[in-house]
Amino acid sequence: MQFVVEYLLKAKEIAENNANVPAELRDNLQKALDIACGLDGYLEQMSSQESEPLAELYRKSISHDWNKVHEDGKTLFRLPVTCITGQVEGQVLKMLVHMSKAKRVLEIGMFTGYGALSMAEALPENGQLIACELEPYLKDFAQPIFDKSPHGKKITVRTGPAMDTLKELAAMGEQFDMVFIDADKHNYINYYKFLLDHNLLRIDGVICVDNTLFKGRVYLKDSADDFGKALQDFNQFVTNDPRVEQVIIPLRDGLTIIRRVPYIPQLKSTVTYDEVFRGVQGKQVLDRLRLDGKVAYVTGAGQGIGRAFAHALGEAGAKVAIIDMDKGKAEIVAHELTLKGISSMAVSADISKPEDVQKMIDDIVSKWGTIHIACNNAGINKNSASEDTSLKEWDQTFNVNLRGTFMCCQAAGHVMLKQGYGKIINTASMASLIVPHPQKQLSYNTSKAGVVKLTQTLGTEWIDRGIRVNCISPGIVDTPLIHSESLEPLVQRWLSDIPAGRLAQVTDLQAAVVYLASDASDYMTGHNLVIEGGQSLW
Ligand SMILES: NC(=O)c1ccc[n+]([C@@H]2O[C@H](COP(=O)([O-])OP(=O)(O)OC[C@H]3O[C@@H](n4cnc5c(N)ncnc54)[C@H](O)[C@@H]3O)[C@@H](O)[C@H]2O)c1
Ligand SMILES: C[S@@+](CC[C@H](N)C(=O)[O-])C[C@H]1O[C@@H](n2cnc3c(N)ncnc32)[C@H](O)[C@@H]1O
């Protein structure tokens, strides 16, 4: 835009010095000038403001005497400060890292690190950004400011010609989710080819390329200089490349966003173009675990394992009803999900009561129209020596753990059988397989063995009507359930029985429930998925 402004200013000056220019032409010139001049400032005001470390980086970069640095022989080239990625472009890059959920980013051409730090701010805690920079002076300049930012530790600067670094990264089999090319223009095409030819960019990964409009010289006839020509060739090469799709955004000097797409050469290919190659329904394996548009419920979701299941199903895309007999806890977990942008509802129900079970199913169906995923997880654990186990304890345990689970399966099953689709996941226990000791829990062990048989029976009876029924058997999980007065003192003792050397955390179980809830597990039914750190094998 700066170049348009310069031409307009020149035209205005000519118009003002020429009495024959009509007032209307002058007015229109002024309007065009106002629009062009106002754009950058407006974009800066209306875009998110930069963090303090970025602002400091910017201030230091523009006030530094780059000419002197070069004259003193500290840089190979005279670095123009105008090449810095500013607030708006930095925010665009940051957004793209967020939106593509990138974990590994490569930058080619770092200057003082404004773009690098902007992108690093959007990376997850364990994210990594490698910045290639020719000038060692710039690494020393940027590092103290990176060190002041909590995100600076994600950045590693590799000095030297970027192509050498790319070769080293390729030799190590590295791959990136996003690449920002912003170095020497005549090498853009070489960087781009190398990235794609050597698999340095993952499928669906994104390359952003700066300055691809190059002051309009890429499309103005006969005005391309060396750099303009290099960028013209680059843009044309990308346009002809079937391995990518791309768009040029007229931001600053032009920003091209390129996505790598799966590419299957037509000619005499050795590729077997089947579902293994292209994914079931075109979805790659992680996408097949997604639960977008699905309606789920989890019983006993007010805390512990159920809460973790509810979060996991919601993170995978499902709407989740939080069921618990403790209404307050259900509401808190539903609120947690809402904060994460997951649709949820809290339902208070005691699953040992048939009327509560039916009401909870009706509430969900009346709000969300159906149920696809039923996670029957609520359970209780009571301890007594078998010779002393009262019928009251036996009945209480069975009423929740087995009768309650059966009632939930049946009520959800009625909805699922009607629609010919459903995933039921019951929570059993490792106690269905082994007799955990030294605690005495006859009624618990027996009820959980019953949950496995219930799961196997329903799993085989209903599979031809589209319903899969499986169960998860956790080992000893660090939840309030095991911190009861009678169980708490046994924790140290249990640890010596667990090959993994630790108790399970609720997060150890989350991927399993998502897998069983997803279409990726469609061939699995009546299965008892044991997750116990190897305890049942010792
Ligand atoms: N924690 C473990 O070590 C462990 C191991 C294997 C299996 N399990 C099983 O996992 C499931 C969850 O266990 P947890 O450790 O998260 O338990 P927890 O006690 O921490 O949480 C259970 C939740 O279920 C709710 N609940 C209890 N009875 C209910 C009922 N009748 N109706 C509705 N809600 C009810 C409680 O209010 C509570 O919020 C249980 O079935 C349990 O048997 C737990
Ligand atoms: C436009 S600036 C980069 C701006 C930067 N992306 C930012 O966020 O401010 C270009 C940088 O590329 C570097 N560079 C030029 N040629 C290079 C090469 N062959 N290898 C690595 N870096 C190079 C320059 O030293 C300069 O710092």
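In what follows, every heavy atom counts, from backbone to side chain, and hydrogens, waters and symmetry copies are set aside. Both counts, for ligands and for their atoms, begin at 1 and track the order of listing.
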**Request:** Using a strict cut-off of 4.0 Å, indicate which atoms of ligand 1 neighbour a heavy atom of P480.
**Result:** 20 (O)
**Structural part of A301 in contact with ligand 1, heavy atom criterion under 4.0 angstrom** = neither
**Asked** Should the pair K215-D253 be classified as a salt bridge under the 4.0 Å nitrogen-to-oxygen rule?
**Response** no
**Asked** Using 30° and 60° as the class limits, which term best fits the ring planes of F111 and W66: parallel, tilted or perpendicular?
**Response** tilted
**Asked** In the protein, what heavy atom is nearest to atom 33 (C) of ligand 1, and what distance, to one decimal place, separates them?
**Response** A349 O, 3.1 Å
**Complete:** For I476, the atoms of ligand 1 under 4.0 Å from one of its heavy atoms are 3 (O)
**Message:** List ligand 1 atoms under 4.0 Å from V400, heavy atoms only on the residue side.
**Reply:** 31 (N)
**Asked** Any nitrogen or oxygen of S429, main chain or side chain, under 3.5 Å from a nitrogen or oxygen of ligand 1?
**Response** no
**Item:** Pair R104 + E174: basic N to acidic O under 4.0 Å
**Value:** yes
**Message:** Can you report which non-hydrogen protein atom sits closest to atom 9 (C) of ligand 1, along with the distance?
**Reply:** T427 CG2, 3.6 Å
**Message:** Could you check whether atom CZ of F194 has more than 12 heavy atoms from other residues, nucleotides or ligands sitting under 6.0 Å from it?
**Reply:** yes
**Complete:** Separation between CE (M178) and OG (S100), nearest 0.5 Å, reads 6.0 Å
**Item:** Atoms of ligand 1, numbered as shown, that sit under 4.0 Å from any heavy atom of I351
**Value:** 30 (C), 31 (N), 32 (N), 33 (C)
**Request:** Decide whether an N or O pair under 3.5 Å exists between T479 and ligand 1.
**Result:** yes
**Prompt:** Out of V477, I380, N399, whose heavy atom sits nearest atom 2 (C) of ligand 1?
**Reply:** V477
**Item:** Protein contact to atom 13 (O) of ligand 1 [nearest heavy atom, distance to 0.1 Å]
**Value:** I305 CD1, 3.9 Å
**Message:** Please confirm whether G404 approaches ligand 1 to less than 4.0 Å, judged on its heavy atoms.
**Reply:** no
**Asked** Is it true that the NZ or CZ of K382 lies under 6.0 Å from the centre of Y444's six-membered ring and within 45 degrees of the ring axis?
**Response** no
**Prompt:** Would you call D72 and K68 a salt bridge, using N to O less than 4.0 angstrom?
**Reply:** yes
List below, pair by pair, the N or O atoms of ligand 2 and of the protein that are less than 3.5 Å apart, including the distance to 0.1 Å; reply 'none' if no pair qualifies.
{"from": "ligand 2", "atom 1": "6 (N)", "to": "E107", "atom 2": "OE2", "distance (Å)": "3.1"}
{"from": "ligand 2", "atom 1": "6 (N)", "to": "G109", "atom 2": "O", "distance (Å)": "2.9"}
{"from": "ligand 2", "atom 1": "6 (N)", "to": "D182", "atom 2": "OD2", "distance (Å)": "2.8"}
{"from": "ligand 2", "atom 1": "8 (O)", "to": "T85", "atom 2": "OG1", "distance (Å)": "2.8"}
{"from": "ligand 2", "atom 1": "8 (O)", "to": "G115", "atom 2": "N", "distance (Å)": "2.8"}
{"from": "ligand 2", "atom 1": "9 (O)", "to": "T85", "atom 2": "N", "distance (Å)": "2.9"}
{"from": "ligand 2", "atom 1": "16 (N)", "to": "D184", "atom 2": "OD1", "distance (Å)": "3.4"}
{"from": "ligand 2", "atom 1": "19 (N)", "to": "D184", "atom 2": "OD2", "distance (Å)": "3.3"}
{"from": "ligand 2", "atom 1": "19 (N)", "to": "Y191", "atom 2": "OH", "distance (Å)": "3.3"}
{"from": "ligand 2", "atom 1": "20 (N)", "to": "A162", "atom 2": "N", "distance (Å)": "2.8"}
{"from": "ligand 2", "atom 1": "22 (N)", "to": "L134", "atom 2": "N", "distance (Å)": "3.1"}
{"from": "ligand 2", "atom 1": "25 (O)", "to": "E133", "atom 2": "OE2", "distance (Å)": "2.5"}
{"from": "ligand 2", "atom 1": "27 (O)", "to": "F111", "atom 2": "N", "distance (Å)": "3.2"}
{"from": "ligand 2", "atom 1": "27 (O)", "to": "E133", "atom 2": "OE1", "distance (Å)": "2.7"}
{"from": "ligand 2", "atom 1": "27 (O)", "to": "E133", "atom 2": "OE2", "distance (Å)": "3.3"}

**Request:** Pull out every atom of ligand 1 sitting under 4.0 Å from any heavy atom of G304, numbered as shown with elements.
**Result:** 16 (O)
**Complete:** In this structure, atom 43 (O) of ligand 1 is nearest to the protein heavy atom Y444 OH, 2.7 Å
**Asked** Can a non-hydrogen atom of R307 be found less than 4.0 Å from any atom of ligand 1?
**Response** no
**Prompt:** At a 4.0 Å threshold, what atoms of ligand 1 neighbour a non-hydrogen atom of G379?
**Reply:** 40 (C), 41 (O)
**CD (E485) with more than 12 external heavy atoms under 6.0 Å** = no
**Item:** Min heavy-atom dist S473 to ligand 1 below 4.0 Å
**Value:** no
**Asked** Looking at CD1 of I305 and SG of C375, how far apart are the two atoms once the value is rounded to the nearest 0.5 Å?
**Response** 10.5 Å
**Prompt:** In terms of the angle between their ring planes, are Y188 and F234 parallel, tilted or perpendicular, with boundaries placed at 30° and 60°?
**Reply:** perpendicular
**Asked** Can you tell me how far the CG atom of N235 sits from the OG1 atom of T212, to the nearest 0.5 Å?
**Response** 5.5 Å
**Prompt:** Among the heavy atoms of A504, does any lie under 4.0 Å from an atom of ligand 1?
**Reply:** no
**Message:** Between the side chains of K148 and E56, is the shortest nitrogen-to-carboxylate-oxygen separation below 4.0 Å, so that they form an ion pair?
**Reply:** yes
**Complete:** Residue, atom and distance of the protein heavy atom nearest atom 5 (C) of ligand 1 read G475 O, 2.9 Å
**Message:** Students should be able to answer this: which protein heavy-atom is nearest to atom 24 (O) of ligand 1, and at what distance?
**Reply:** G300 CA, 3.2 Å
**Prompt:** To which of N377, T299, V298 does the heavy atom nearest atom 11 (C) of ligand 1 belong?
**Reply:** N377
**Item:** Between S443 and E393: side-chain donor-acceptor atoms closer than 3.5 Å
**Value:** yes
**Prompt:** Counting each atom of ligand 1 from 1 as listed, which ones have a heavy atom of Q303 under 4.0 Å away?
**Reply:** 18 (P), 19 (O), 20 (O), 21 (O), 38 (C), 39 (O)
**Prompt:** CG of L313 to CD1 of I342: how many Å apart, nearest 0.5 Å?
**Reply:** 9.5 Å
**Complete:** Nearest heavy-atom contact between A120 and L129 is N-CD1, 4.2 Å
**Message:** Just so I know, are the side chains of L54 and S118 near enough to count as touching, which here means a heavy-atom distance under 4.5 Å?
**Reply:** yes
**Prompt:** Does ligand 1 have a heavy atom under 4.0 Å from the side chain of L481, from its backbone, from both, or from neither?
**Reply:** both
**Protein contact of atom 38 (C) of ligand 1 - nearest heavy atom, named by residue and atom, plus distance** = D324 OD2, 3.5 Å
**Prompt:** Charged N to carboxylate O below 4.0 Å: is that the case for E71 and R78?
**Reply:** yes
**Request:** Provide the full list of salt bridge (charged side-chain N to carboxylate O under 4.0 Å, His left out) pairs with a residue in residues 496-508, sequence neighbours left out, each pair given once.
**Result:** R502-D508
**Complete:** The option among M325, K329, M430 carrying the non-hydrogen atom nearest to atom 35 (C) of ligand 1 is M325
**Prompt:** For ligand 1, which atoms have a heavy atom of D350 less than 4.0 angstrom away?
**Reply:** 30 (C), 31 (N), 32 (N)
**Message:** As an exercise, state the distance from CG of L255 to CG of L213, rounded to the nearest 0.5 Å.
**Reply:** 9.5 Å
